[in-house]
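Okay, structure first, notes after.
Proteins come first, then strands; the chains are lettered A, B, ... in the order of their sequence lines, and each starts at number 1.
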Amino acid sequence: MTKRNDTHESTEVPGDEGNPAPERGVNAALAELAASVRGFGAFQMNACVRCGLCADTCHIYRAEPDVANLPAMKASSITSVFRRYHTFLGKRLPGLVGARELTAERIDEIRDVVYGRCTSCGRCASNCALGVDLRHILQVGRRMCAVAGRIPEGLQRTVDNQLETGNQMAIPQEEFLSTTEWLSDDLKLEMGDDTLRIPVDEKGKRILYVINPREVKFFPLSLMAAAGVFHAAGESWTLSSKVFDVTNYGFFAGDEASARELVRRVAEEAGALGVEQIILSECGHGYRSFRWEGPRWLGREYAVPVSSVVELLDEYIECGRVQVDREKNAERVTLHDPCNLVRLGGLSEPQRRVLRKVTLDFVEMTPNRENNFCCGGGGGMLSMSEYGDRRVASGKVKADQIRATGAKIVATPCHNCADQLIELSKRYHLGVEIQAVVELVYNALC
Amino acid sequence: MQSVYYIVLVPMVYAALAVFILGTLWHGLRLIVGLKHALRVVVGPAKNPNMLRAVCDAFLSPATLKNHPVRWVFMVSFHIVLFLTILGHLELVGEVGVMQVVRHDVFLGGGILGILLFAGLLFFLFRRFHAPLAAMSEPGDYYLLILLLLIVLFGSQLHLAQRLFDYSTIGVAEYREYLSGILTFRPALPEVFTEDFVGHSFLLVLHVFCANLFLMLFPWSKLMHAILALPLARLRRR
Ligand code: SF4
Ligand code: SF4
């Protein structure tokens, strides 16, 4: 499999071959900036009036009200460079408008901001007084770092894993197959059906189910629950043993070439298996990147429709394909909205309809839906150990939200969020259990 | 001195208007070209992509109303007062019948608008000396506010001096003669503008000088947010 950004020095820009690495990185970053701000991008960069109204819309600023965490300030690490190279006053009177040269050191400052102080959750953008898309600007920063070869090591390693082995956790195919086998055995016992098995690499099925590899490694109950619900619904489905990873760390890294390659593989596998639909497991950024960004990266629409599994679960319950009993989930349940699925993915209601049907005591946290707070684990934060303390500190906002609901279970349709929420529960002594939506549905099956 | 007055009141005004109009048009053109590109780059679920809602977002900023209601009232009031002040200048060019539906003396507001604007700008300026805005602000942010403050200060003085202290040498008729001359490309300075170089006419020159600078800076500064707010709101609702 192909691998990108093998070393930090690997980035080449035309006509730049003779330069030492830092200058090459700076030139590549400037070229990326120039490409990103064509046309309207320039206006995004120009529009902020530095009113500061976005300050407390950001969970990171709320948890640590340092000006370095203020969204517009974070974006200004990129817009100040934009002003220096692309605006009339910035070119002539840089001091007057705060326009700054891009240097290797400044790329590292940008790196600390875009990967270490921002989860790309987009809450600031949807609350900006003027509609400035700060998340977009901060994503441009990630792309600049990516072409300059300055993606943080842990994140880069995960991207490389995905490209080399086909999944972010580098799970060998044999391990994947043996996991599905023992899960099939467990499921046979649980559901009392000897014919039951988890289908893998089967052609001509209706659905290709693409999962988060963490389900194989750490959350097998989630995969088992999905298989159980599909069985109860009489679904025609399959997993792929080669291309089973819905996550996309190229998207987090700002490395669009890798991101494109990852979505291409899933789209092609769906074609090779001849399925009619791709169903994405519970994964916020997987949904955002595959459902929304993928067609742009590939320059074409997919051959088959793409949905999240929560939409499918909603459909099963609505049309009576599975029978559920809410009494089976009697404890109070609240819902964490993954930013990439809800605010940036546009999917807020199916999971709510499902939870109302399968739980006895469902309560919303405040705020919720498009205005939810990020859990702190987005943007690839979980793969960058150097920012671990900031990540947990910024999760305080989410921890307070959860505590206020009095819930015993937090449902979240994202395994990435689940990891962070498990850690928050321990660190902030919340005493809550974290579950995927499909697990609650499986538990409620009649 | 007469030629300095003339330069500020005539050629500099034309230069400022030219920079303002051409600069804004140039940005507008880039905006239209860029919008197509932006719609490709910004992907995601459509959020009630209705033009009317985008207009509402741009002019009423519901997100700010929800998050900061007090600041929203201040922000919206400031912009309304600013809009009325700009509107008030139309009556210095000629008679505007529709504006006299509610009968009033020219200038609109009887001096209140200038005082409110001045207070608002002072607040915006002092706010920039406090955290967290102090750390976010660039030198240009302070200069722009100071420039606006000066424009409002001199403009208000012109009006209040005439209204309260009977400085009646320059009245509405003179402003109309001057401004309509500028707009019809037949510039003429009424005698009272240049017959003495102190007091009223001096304030007028200062007011126009600062306004010229403001117009020239407009297309190249964050003041462009006035033009950008609507397309940004539209894009957010794509
Ligand atoms: S709310 Fe919008 S305009 Fe105000 S500082 Fe934040 S990004 Fe800039
Ligand atoms: S995108 Fe989210 S984390 Fe990043 S600055 Fe905005 S609110 Fe904060």
query: How many angstroms lie between SG in A:C54 and NE2 in B:H68, if you round to the nearest 0.5 Å?
result: 8.5 Å

message: Does atom CZ (B:F129) have a neighbourhood of more than 12 heavy atoms from anything else shown, all under 6.0 Å?
response: yes

Per-residue contact mode, A:A68 against chain B (heavy atom under 4.5 angstrom): neither

Neighbour count above 12 (heavy atom, 6.0 Å) for B:F83 CZ: no

task: Side chain from CB out, backbone as N, CA, C, O: work out which of these in A:D66 comes under 4.5 Å of a heavy atom of chain B, or both, or neither.
output: neither

query: What pair of heavy atoms forms the shortest contact from A:V49 to B:R128, and how long is it?
result: O-NH2, 3.0 Å

field: Heavy-atom side-chain contact between B:L133 and A:R50 under 4.5 Å
entry: no

message: If we define contacts as heavy-atom pairs under 4.5 Å, which of A:P65, A:C128, A:P295 has the most with chain B?
response: A:C128

query: So how far is it from A:C48 SG to B:L228 CG, rounded to the nearest 0.5 Å?
result: 11.5 Å

query: What's the spacing between A:L89 CG and B:L217 CG if we round to 0.5 Å?
result: 6.5 Å

message: Within this structure, what is the CD-CG distance for the pair A:Q44 and B:L232, rounded to the nearest 0.5 Å?
response: 5.0 Å

field: Residue selection (most heavy-atom pairs with chain A, distance under 4.5 Å) from B:P139, B:A63, B:A229
entry: B:P139

task: Select, from B:R71, B:M75, B:M224, B:K66, the one with the greatest count of heavy-atom pairs under 4.5 Å involving chain A.
output: B:R71

message: What part of A:T57 gets within 4.5 angstrom of chain B, counting heavy atoms only: side chain, backbone, both, or neither?
response: side chain

message: So for B:Y142, is it side chain, backbone, both, or neither that comes closer than 4.5 Å to the heavy atoms of chain A?
response: neither

- prompt: Is it the case that more than 12 heavy atoms not belonging to B:F209 sit under 6.0 Å from its CZ atom?
  reply: no

field: Contacting moiety of A:R83, where chain B heavy atoms sit under 4.5 Å
entry: side chain

query: Is A:Y61 close to B:P132 at the side-chain level, that is, under 4.5 Å between some pair of heavy atoms?
result: yes

field: Heavy-atom side-chain contact between A:L53 and B:N67 under 4.5 Å
entry: no

message: Is it the case that over 12 heavy atoms from other parts of the model lie below 6.0 angstrom from the CD atom of A:E109?
response: yes

task: With rounding to the nearest 0.5 Å, note down the distance linking OG1 in B:T64 to CG in A:L130.
output: 8.0 Å

message: Counting only non-hydrogen atoms closer than 4.5 Å, does A:A55 touch chain B with its backbone (N, CA, C, O), its side chain (CB onward), both, or neither?
response: neither

query: Side-chain contact, heavy-atom cut-off 4.5 Å: A:N46 with B:K222?
result: no

query: Between CG of A:L96 and OH of B:Y143, what distance do you get to the nearest 0.5 Å?
result: 7.0 Å

